[in-house]
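Below: the structure, in structure tokens.
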Amino acid sequence: MNHLLFTILMITVFAVAPAWAQPTRPNIVLIYADDLGYGDLSCYGARALRTPNMDRLAKAGLRFTDGHAPAATCTPSRYALLSGEYAWRKEGTGILPGDAALIIEPGRLTLASMLRKAGYATGVVGKWHLGLGPKGGPNWNGDIKPNPNDIGFGYSFIMAATGDRVPTVYVENNRVVGLDPADPIKVSYGKPLDNSPTGQRNPELLKMHPSHGHDQTIVNGISRIGYMSGGTAALWKDEEMADVFTNKAVSFIEQHSKESFFLYFATHDPHVPRVPHPRFVGKTTMGARGDAIMQTDWSVGEILAALDRLKLTSNTLVILTSDNGAVVDDGYKDEAVAKLGNHKPSGPLRGGKYSNFEGGTRVPFIVRWPRQVRRGVSGALISQVDLLASLSALTAQRLTPAEAFDSQNMLSALLGKSPIGRKHLVEQASALSLRQGTWKYIEPSGGPKVNQNTNTEMGNDPAEQLYNLATDLGETRNVAAKHPERVKQMKALLQKIKQTGRSES
Ligand code: NG6
Ligand code: CA
């Protein structure tokens, strides 16, 4: 048999064979934290708090030091993670309001639909923030469709957007959980719906006050972004959210323990509003943000414990990462700033969430699969946008050139079999940056140098910026003037990646 025929045959066999025929194919659990920074884990150098469960994962697995979220905010990162396309290529992929329509077209290949096609049971639990429903937004009181199940997930239990945005309810598959039809939900991101109290007019009703924005409808003593009425029986309690999501994630694992499964577990922690369960309050010296990180670590521990209990650990690929870098004051007076002490949420990196500097997209990135992944530390340049191509290689699924065109097969790097990652990576914040090896080029941009609300160093500059991260990880010395040739070449490459509409390797 010639080689090509054999390869085709093998691909076919793998693609159609039932799960039991592929003992080495792992379950996949993607734990996606929200706003967890590069320096927030003790295994990444934090000293002001300990994250034993995440550390345990790192110790038994591979810890990446140059792993990236595709963007410095949530929606574009999640869009790229699931679609394999850089979000900046597509309009309407910025931070979405809570009533936005689904931004990934049903029928399009996604990380979930690819794995589903490969025979995996697929599920998403946690923060969604990619929109729901058709153009014009979802029908909260009826059939919420399209939803995650229309883009590859067999099961979904989500919040539509973020904890600080209405509607503050859970959605399971196509329905708001616990909705009383006699008390329908209304949502507005324009005018107020009625005269109900708001954070702006009724600060006396708040248990947590906004520092900027977040002064509209009050739910559970916390004012949010957007207006909402009705749905009283369905409203979530922020204090219980980590328990609710974690329990749903564990149940999903239990229900599918006898088949290959893919769980996308998107915790809301440590995003604002940071209202951890009372059992985590005061667990760190850092106030709500530190305590919410402890809660994140607890959620990770519960997932790992479930895998152990069900004897799934050795053949489960666990990936732990974050949707963007760290932010301290993201809109509520929760003492995160006052109690930060010496803790550096972005570790040695400059900037954080929203920033063009490395703190925007370089995030914790840990991979464990005892059967296959080499233990240790990897400096390979890798991005979450690569998971689609890498995991399709792992499960012998073919991608056409029209699919996942920015996703590169980084399976060898992911499994620790190669120290080599991407040759180049586009980082998305208010401007675009290009990483090539240890060099970083930031496009000229006119935005503010510092975001006054969050106090983030944004990395905006009308001049071109070039940093050599090998000698200047903290991006303190712009060497563009010293290396005009390199600037020219990197600028041209970024232009080419934009124009050709795909990332060539
Ligand atoms: C910003 C919010 C911030 C956070 C962010 C989204 C204000 C003033 N700030 O617009 O609090 O919600 O959006 O965060 O409203 S993300 O992690 O989902 O991208
Ligand atoms: Ca986020």
Side-chain angles (χ1 to χ4, degrees), residues 30-38 40 68-82 87-88 92-100 103 126-131 158-168 189 198-200 208-217 219 222-227 238 241 245 264-275 288-289 292-293 296 320-334 336-337 345-346 351-355 359-365 384 427-430 447-448 451-456 458:
L30 170 60
I31 307 176
Y32 209 54
D34 195 357
D35 300 359
L36 188 65
Y38 191 82
D40 281 327
H68 290 256
T73 52
C74 168
T75 302
S77 281
R78 286 164 207 250
Y79 177 85
L81 164 78
L82 290 186
W88 48 264
T93 55
I95 298 172
L96 292 177
D99 61 351
I103 58 171
K127 176 175 169 181
W128 182 240
H129 215 183
L130 291 167
I158 57 169
M159 65 159 73
T162 61
D164 53 347
R165 283 173 174 75
V166 300
T168 46
Y189 275 79
T198 64
Q200 197 191 14
M208 183 186 272
H209 292 259
S211 58
H212 54 270
H214 303 99
D215 60 359
Q216 299 174 337
T217 290
V219 180
I222 301 164
S223 48
R224 320 271 166 162
I225 308 171
Y227 299 101
D238 305 80
M241 185 177 285
F245 282 150
Y264 170 35
F265 176 40
T267 75
H268 182 255
D269 288 316
H271 194 281
V272 299
R274 302 174 186 122
V275 197
R289 185 168 189 279
I293 294 173
T296 322
L320 168 75
T321 185
S322 173
D323 68 338
N324 51 251
V327 59
V328 183
D329 178 352
D330 207 15
Y332 290 97
K333 293 179 183 161
D334 59 6
V337 177
S346 300
K353 180 177 182 179
Y354 309 113
S355 172
T361 65
R362 201 190 288 210
V363 287
F365 200 125
Q384 293 155 11
E427 298 176 7
Q428 174 183 1
S430 50
N451 177 326
Q452 296 299 337
N453 286 330
T454 59
N455 200 23
T456 306
M458 295 297 286

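We count ligands from 1, going down the list as the structure has it; atoms in each ligand are counted the same way. Below, each value reflects all heavy atoms present in this structure, side chains not excepted, and no hydrogens, waters or symmetry copies.
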Side chain or backbone of [X] under 4.0 Å from ligand 1, or both, or neither, by non-hydrogen atoms?
| X | value |
| --- | --- |
| Ile225 | side chain |
| Asn453 | neither |
| Asp330 | both |

* To do: Please find the N/O/S atom of Asp34 nearest to the Ca ion (ligand 2) and write down its name.
  =>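 Of all N, O or S atoms in Asp34, the Ca ion (ligand 2) lies closest to OD1.
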
* Asked: Out of the N/O/S atoms in Asp35, what is the name of the one closest to the Ca ion (ligand 2)?
  ->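 Relative to the Ca ion (ligand 2), the closest nitrogen, oxygen or sulfur of Asp35 carries the name OD1.
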
How far is [atom] from its nearest protein heavy atom, and which residue and atom name does that atom have?
| atom | result |
| --- | --- |
| atom 17 (O) of ligand 1 | Lys353 NZ, 2.9 Å |
| atom 5 (C) of ligand 1 | Tyr354 OH, 3.4 Å |
| atom 9 (N) of ligand 1 | His214 CE1, 3.8 Å |
| atom 8 (C) of ligand 1 | His212 CD2, 3.5 Å |

* **Stepwise salt bridge (charged side-chain N to carboxylate O under 4.0 Å, His left out) test for Arg289 and Asp35** => CA-CA 10 Å; Arg289 185 168 189 279; Asp35 300 359; over 6 Å; no

Mind checking the [atom1]-[atom2] spacing from [X] to [Y]? Nearest 0.5 Å is all I need.
| X | Y | atom1 | atom2 | value |
| --- | --- | --- | --- | --- |
| Ile31 | Thr296 | CD1 | OG1 | 10.5 Å |
| Ile222 | Met208 | CD1 | CE | 5.5 Å |
| His129 | Asp34 | NE2 | CG | 9.0 Å |
| His68 | Ser77 | NE2 | OG | 11.5 Å |
| Tyr189 | Leu96 | OH | CG | 10.0 Å |
| Tyr264 | Lys127 | OH | NZ | 9.0 Å |

Heavy-atom contacts with [X] under 4.0 Å: which atoms of ligand 1 show up? List them by number with element.
| X | answer |
| --- | --- |
| His129 | 18 (O) |
| Thr73 | 19 (O) |
| Asp34 | 17 (O) |
| Thr162 | 18 (O) |
| Asn324 | 17 (O) |
| Lys127 | 16 (S), 17 (O), 18 (O) |

* Under a heavy-atom criterion of less than 4.0 Å, does Gly331 contact ligand 1? ->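 Outside the 4.0 Å threshold, so no.
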
* Sub-3.5 Å N/O-N/O distance, Asp164 and ligand 1 ->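 Looking only at distances, the answer is yes, because the N/O contact criterion of under 3.5 Å is met.
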
* So which of Cys74, Ala72, Gly163 gets nearest to atom 16 (S) of ligand 1, if we judge by its closest heavy atom? ->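 It is Cys74 whose heavy atom sits nearest to atom 16 (S) of ligand 1.
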
* **Proximity winner for atom 2 (C) of ligand 1, if only heavy atoms of Arg224, Gln216, His268, Arg165 are counted** =>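 Of the listed residues, Arg165 has the closest heavy atom.
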
* Could you tell me which non-hydrogen atom of Pro76 sits nearest to which non-hydrogen atom of Ile95, and how far apart they are? =>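 In this case the closest contact between Pro76 and Ile95 is CD-N, 4.5 Å.
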
* For Ser322 against Ala69, the heavy-atom pair lying closest together ->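 Taking every non-hydrogen atom into account, O-CB, 3.6 Å.
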
* To do: Please check if any side-chain donor atom of Thr267 sits under 3.5 Å from a side-chain acceptor atom of Asp269, or the reverse.
  =>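 No, no side-chain donor-acceptor pair sits under 3.5 Å.
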
* Asked: Hey, does the side chain of Gln428 reach the backbone of Ala71 with a donor-acceptor pair shorter than 3.5 angstrom?
  ->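 Looks like no, no N/O pair under 3.5 Å.
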
* Could you tell me the angle subtended at the Ca ion (ligand 2) by OD1 of Asp323 and OD1 of Asn324, rounded to 10°? =>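 With the Ca ion (ligand 2) as the vertex, OD1 (Asp323) and OD1 (Asn324) sit 80° apart.
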
* Asked: Given Asp330 and Arg274, is the salt bridge (charged side-chain N to carboxylate O under 4.0 Å, His left out) satisfied, shown in steps?
  -> CA-CA 10 Å; Asp330 207 15; Arg274 302 174 186 122; 5.8 Å; no

